[in-house]
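Working notes, structure below.
Note on naming: letters A, B, ... go to the chains in the order of the sequence lines (proteins, then strands), and numbering restarts at 1 for each one. The shown structure was predicted, so the numbers you read here are calculated from the model rather than taken from an experiment.
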Amino acid sequence: MVELRYEITQTAYIKLVLHALKHKTAAVNGILLGRVSDHKGSTVVEIEDSVPLFHSHLGLLPNLEISLILLDNKKLEVLSKGKDRSPVMQLFTRDTSKSWKASSSIDDGSSRLVTKEPSANAVLLDYISSEKWQDIVDFDDHLDDISNANGPNVRQFIPDPQEKEKKGVNPDKTLAVGRRRKPPHPLKFVILSRCNIGLMGAPLLKKKVAKVGKPPPNKKLKNDLFRKKKSKKDDILEASESQSDSEVREVQSESDGEDGGSDFESGASSSGDDPLADDFLQGGGDEEGISGSDADSDESDIEKQARVLDERRAQEEEDAEAEMQLNIKDESDEFRLPTEKELELAEQGPPDLPNIQRRIQEIVRVLSNFKVLKQEGTTRKNYMEQLKKDLASYYGYNEFLIGVLVEMFPPVELVELIEAYEKPRPICLRTNTLKTRRRDLADVLINRGVNLDPLSKWSKVGLVVYDSQVPIGATPEYMAGYYMLQSASSFLPVMALAPQEKERVVDMAAAPGGKTTYIAALMKNSGMIFANEMKAQRLKSLTANLHRMGVTNTIVCNYDGKELPKVLGPNSVDRVLLDAPCSGTGVISKDESVKTSKSSVDIQDCAFLQKQLILAAIDMVDANSKSGGYIVYSTCSIMVLENEAVIDYALRKRDVKLVPCGLDFGRPGFIRFREHRFHPSLEKTRRFYPHVHNMDGFFVAKLKKMSNIKPNSVLSAPSEAGELPSVDGEDDGKNIEEARPHLDVTENGSKKNKGVLENGGIKSKEERNPVSGEKRKREKGKFPSKEEISRTREEKREYLREKMTSEKARK
Amino acid sequence: MRTLDENETTQVFEKIFKFTGNNLKNIVESPSHEGPDPEPGRYCFRLNKNRVYYVGESLVRRATNVGRQNLVSLGTCIGKFTKGGSFHLTIQSLGILAANAKHKVWLKPTSEMSFLYGNHVLKGGLGRITDSINPGDGVVVFSMSDVPLGFGIATKSTQDCRKLDPNGIVVLHQADIGEYLRMEDDL
């Protein structure tokens with residue numbers, strides 16, 4: 001702290017000392033008001049005035065805070081007094097860090113404090129001898145004795161050079177010490193609310209009025225009123241907050257002598273300008289009119305008036321309430337769907353958002369108790385239609401997406417889900433266990449000013465960040481690879497995969513590398529990871545992340561996922577993670593464009609791609625691996641077509657089965673959905689929703705490969721034996737799939753494929769167990785007879801012809 | 001992907017030697033636990049598209065499946081050859097260098113960020129420094145909490161450093177971990 005000299009005026013000094021003197025046995029607190037000025041090269045704090053505040057509270061913080069808050073001075077230096085006459089002073093300065101720090105302590109106040117007027121001490125002695133200190137009043141005095149409630153007058157001024165500042169202490173009773181100087185800069189003073197019921201003595205008023213010389217007539221009236229109302233003071237003290245506040249709040253208590261008079265006067269006259277003065281002038285005048293000295297007046301009139309006013313107010317409130325109730329009742333009882341005319345009208349103008357939202361809520365309410373609440377003559381369908389339209393227009397979805405969501409969720413949950421999509425999920429980060437531990441990382445980050453918590457009990461490496469003073473993606477720890485920013489849902493597929501050390505793992509869609517680095521961390525940099533990414537521009541971030549996190553066991557390659565089995569060889573790895581490219585309907589909170597850009601064709605294309613990828617993934621895995629043989633399929637989408645349908649397809653196409661993911665929270669996947677019927681083991685898959693689990697919409701499924709065969713006819717019915725013949729032996733499955741993308745989606749399409757494979761299996765060059773294949777075939781029926789064989793061959797040829805023509809037609 | 005030839009190998013080893021001295025032996029001969037084989041193999045250096053990778057043998061063998069066009073990265077990249085044929089170490093080699101560094105420098109917390117922005121290390125930011133540094137030696141820069149921040153070349157010996165004024169440069173910056181954010185594309 002810079003060396004500061006303090007110059008204290010006589011007024012302030014004397015008030016200060018006398019205040020302390022008055023309460024010899026207590027600690028006294030007060031505020032010194034002044035300004036910092038620079039002259040003669042040194043910084044000087046000139047203390048203009050002092051406001052004695054309290055003497056009964058040592059725990060001064062709440063009161064002090066209130067009073068300080070009201071003081072409108074940002075750079076406030078407070079000298080708060082300690083006990084005793086010889087103050088042990090502690091200087092508190094408020095600096096930008098918003099903490100009060102003790103800047104220095106002065107053992108002997110006089111060493112730093114200099115009085116401007118040397119005569120101060122003499123005057124002081126005089127006052128002491130005449131026991132003037134009895135008259136000092138501070139904020140606490142009213143607690144001692146209510147009649148003593150002539151508190152300090154602190155009144156807020158809208159700066160007006162004409163108006164004079166008020167002083168801290170009631171001048172009537174106190175020492176109007178010193179002449180009031182007009183300081184060069186106006187100081188601001190504040191009304192201390194609820195701390196005092198500053199009452200002015202009538203004699204004082206008169207005195208002031210006399211001094212000023214122009215008592216406005218209304219004032220006199222007020223005086224009378226006020227005197228009568230004086231006893232209301234008691235009421236005020238105990239009355240309900242609402243009433244007394246308005247009365248007391250901007251109490252304008254008087255200040256000393258001239259200032260007070262002129263203040264009040266000018267305040268009164270400028271009540272128009274001074275918004276604070278306003279009605280409260282009445283109130284203020286109130287108090288002023290009733291002085292402590294004048295205790296007995298006629299109360300009943302005032303009381304009656306007050307009561308009348310109160311009653312009127314209460315009545316009005318009641319009326320307002322009743323009306324509101326009426327309005328609400330009207331609306332709710334009569335909720336009806338808008339007629340066509342209304343809809344047309346609404347479409348003409350801009351959408352009326354609050355109205356739409358209200359309607360959404362109403363419809364949800366009706367639907368939840370349909371029998372009772374429904375409108376005559378309308379069906380559930382009508383309500384749903386209207387709901388869909390409203391949701392689409394209010395939240396910005398296209399029809400398709402809303403339709404899909406409506407099919408998946410009941411109305412209440414639907415609204416919850418959509419609301420959850422509007423807000424972002426919390427930022428999470430994952431500790432890199434190759435370099436540090438979660439505890440240590442949390443400590444370091446907390447030291448940097450990040451507010452974080454462990455993620456959940458299901459993760460030992462996750463942390464969720466609430467807020468942060470430093471950019472969380474640019475700390476030195478991030479750059480050193482101690483953690484990775486990742487959403488909570490991305491932890492799940494890797495946790496389900498559970499890679500072991502010294503295994504071979506493939507991550508088929510690896511960029512930007514969050515899951516790959518997690519896998520490497522779980523494997524402790526042993527074994528081998530193939531990280532594959534199809535898009536070249538995402539490869540950079542993948543390699544950068546791998547190097548940053550200190551992963552050394554990874555080979556990064558740039559292939560299309562479908563080609564990977566050819567590159568790496570079939571049945572060669574232990575585990576595969578396929579975080580498939582999807583429509584992104586689970587991460588709408590990150591990317592709003594999904595709301596409007598997805599259509600049914602997009603979903604079908606995604607599903608087609610995912611089916612191909614999952615077959616490739618399954619083909620890469622070695623069923624006979626010692627520790628592995630698992631495939632984890634995950635998407636960040638909630639569409640059934642992209643999730644359960646793909647898994648079901650895989651179950652039918654390959655010899656795999658679903659195993660529990662190891663994630664016990666999360667909803668089980670659908671076994672049936674509208675017209676789809678899936679394999680019952682699909683309840684082992686897991687779905688995650690933002691409104692339930694507070695993470696992005698996600699789907700995880702874990703498959704175990706039972707054998708390395710590519711079965712052809714595991715689940716097909718015998719009647720399909722004669723169906724569409726296959727085209728060519730080896731790639732029949734894949735070719736047919738590629739040739740008929742749109743049929744894949746439906747049940748029928750897949751059935752046809754099954755039939756195809758069944759026949760194509762005869763020619764398949766895949767490694768097969770002939771015994772089991774035959775067994776499967778025989779399950780369905782006898783050996784096909786000669787006629788059947790020839791018939792199937794004919795059909796094959798026909799089909800080939802058809803295919804050629806249809807392809808030509810397409811092109 | 002191919003192995004390094006004589007010339008390239010000498011260049012790489014020279015650069016690494018500046019930082020690690022005799023610990024170079026450790027780098028070359030340490031057992032590698034990567035790869036699915038039960039016994040640890042050795043590490044070797046491979047060159048792919050002008051970048052040199054430090055990778056375990058078992059990984060290398062399996063990476064031969066991947067086509068040249070499609071292979072992006074193996075193990076750890078330690079540096080790259082410029083068009084002029086000289087070899088520069090990149091920041092991704094920090095892990096290896098830091099583990100085997102002979103000469104180290106620790107930075108005060110206040111000057112960490114400055115180094116991470118790419119500035120040289122000034123005498124005023126120096127916390128600790130190992131002895132027996134000669135000018136032109138490779139130095140690895142750490143923070144006071146022993147987090148490796150990057151590396152560079154020493155300008156003065158340890159003794160001379162003590163006599164420098166606070167704004168003198170002690171370590172010329174070569175690479176720092178801030179590059180992961182600043183220059184992700186160039187890595």
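Residue B:Asn22 places its CG atom among 12 or fewer non-hydrogen atoms of other residues, nucleotides or ligands, all under 6.0 Å distant. Shown here is A:Gln537, whose CD atom has more than 12 heavy atoms of other residues, nucleotides or ligands within 6.0 Å. Atom CZ of B:Arg2 sits in a crowded spot, with more than 12 heavy atoms from other residues, nucleotides or ligands closer than 6.0 Å. By the neighbour-count criterion of 12 heavy atoms within 6.0 Å, atom CZ of B:Phe17 is sparsely surrounded, having that number or fewer from other residues, nucleotides or ligands. Within a 6.0 Å radius of NZ in B:Lys49, other residues, nucleotides and ligands contribute more than 12 heavy atoms. Counting heavy atoms of neighbouring residues, nucleotides and ligands inside a 6.0 Å radius, atom CG of B:Leu24 exceeds 12 of them.
Using a 4.5 Å cut-off between non-hydrogen atoms, the part of residues 110-146 of chain B that approaches chain A consists of B:Glu112, B:Met113, B:Leu116. Using a 4.5 Å cut-off between non-hydrogen atoms, the part of residues 172-183 of chain B that approaches chain A consists of B:Ile177, B:Gly178, B:Tyr180, B:Leu181.
Ranked by heavy-atom pairs shorter than 4.5 Å toward chain B, the options A:Thr436, A:Ile555, A:Asn553 are led by A:Ile555. Put simply, of A:Arg504, A:Lys435, A:Lys540, A:Arg548, the one with the most heavy-atom pairs under 4.5 Å next to chain B is A:Arg548. With chain B as partner, the option from A:Pro476, A:Gly550, A:Ala474 having the largest number of non-hydrogen pairs under 4.5 angstrom is A:Pro476. When each of B:Thr76, B:Leu74, B:Leu59 is checked for heavy-atom pairs under 4.5 Å with chain A, B:Leu59 comes out on top.
Considering only residues two or more places apart in sequence or on other chains, A:Thr554 meets the side chain to side chain donor-acceptor pair (under 3.5 Å) condition with none of them.
Interface residue A:Leu539: only side-chain heavy atoms are found under 4.5 Å from chain B. Heavy atoms of A:Val444 lying under 4.5 Å from chain B are absent altogether.
The backbone N or O of B:His33 lies less than 3.5 Å from a partner atom in the side chain of A:Lys502, making a donor-acceptor pair. Checking side-chain atoms of B:Asn70 against main-chain N and O of A:Asn558 turns up a donor-acceptor pair under 3.5 Å. When atom types are taken as modelled, the side chain of A:His547 and the backbone of B:Cys77 share a donor-acceptor pair closer than 3.5 angstrom.
Once rounded to the nearest 0.5 Å, the distance linking CD of B:Glu184 with CG of A:Asn545 reads 6.5 Å. Between B:Gln92 atom CD and A:Leu546 atom CG the span is 10.5 Å, to the nearest 0.5 Å.
The stretch residues 10-30 of chain B participates, sequence neighbours left out, in no salt bridge (charged side-chain N to carboxylate O under 4.0 Å, His left out) pair at all.
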Practice item. Test B:Val147 against A:Tyr482 for side-chain contact (heavy atoms from CB on, under 4.5 Å), laying out the working first. Key: CA-CA 10 Å; B:Val147 173; A:Tyr482 281 16; 3.2 Å; yes
What verdict does the side-chain contact (heavy atoms from CB on, under 4.5 Å) test give for A:Met528 and B:Ser58, after you've listed the backbone C-alpha separation in whole Å, the side-chain angles of each residue and the deciding distance to 0.1 Å? CA-CA 9 Å; A:Met528 192 166 73; B:Ser58 45; over 6 Å; no
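Using a 4.5 Å heavy-atom cutoff, the side chains of B:Val66 and A:Phe530 are in contact.
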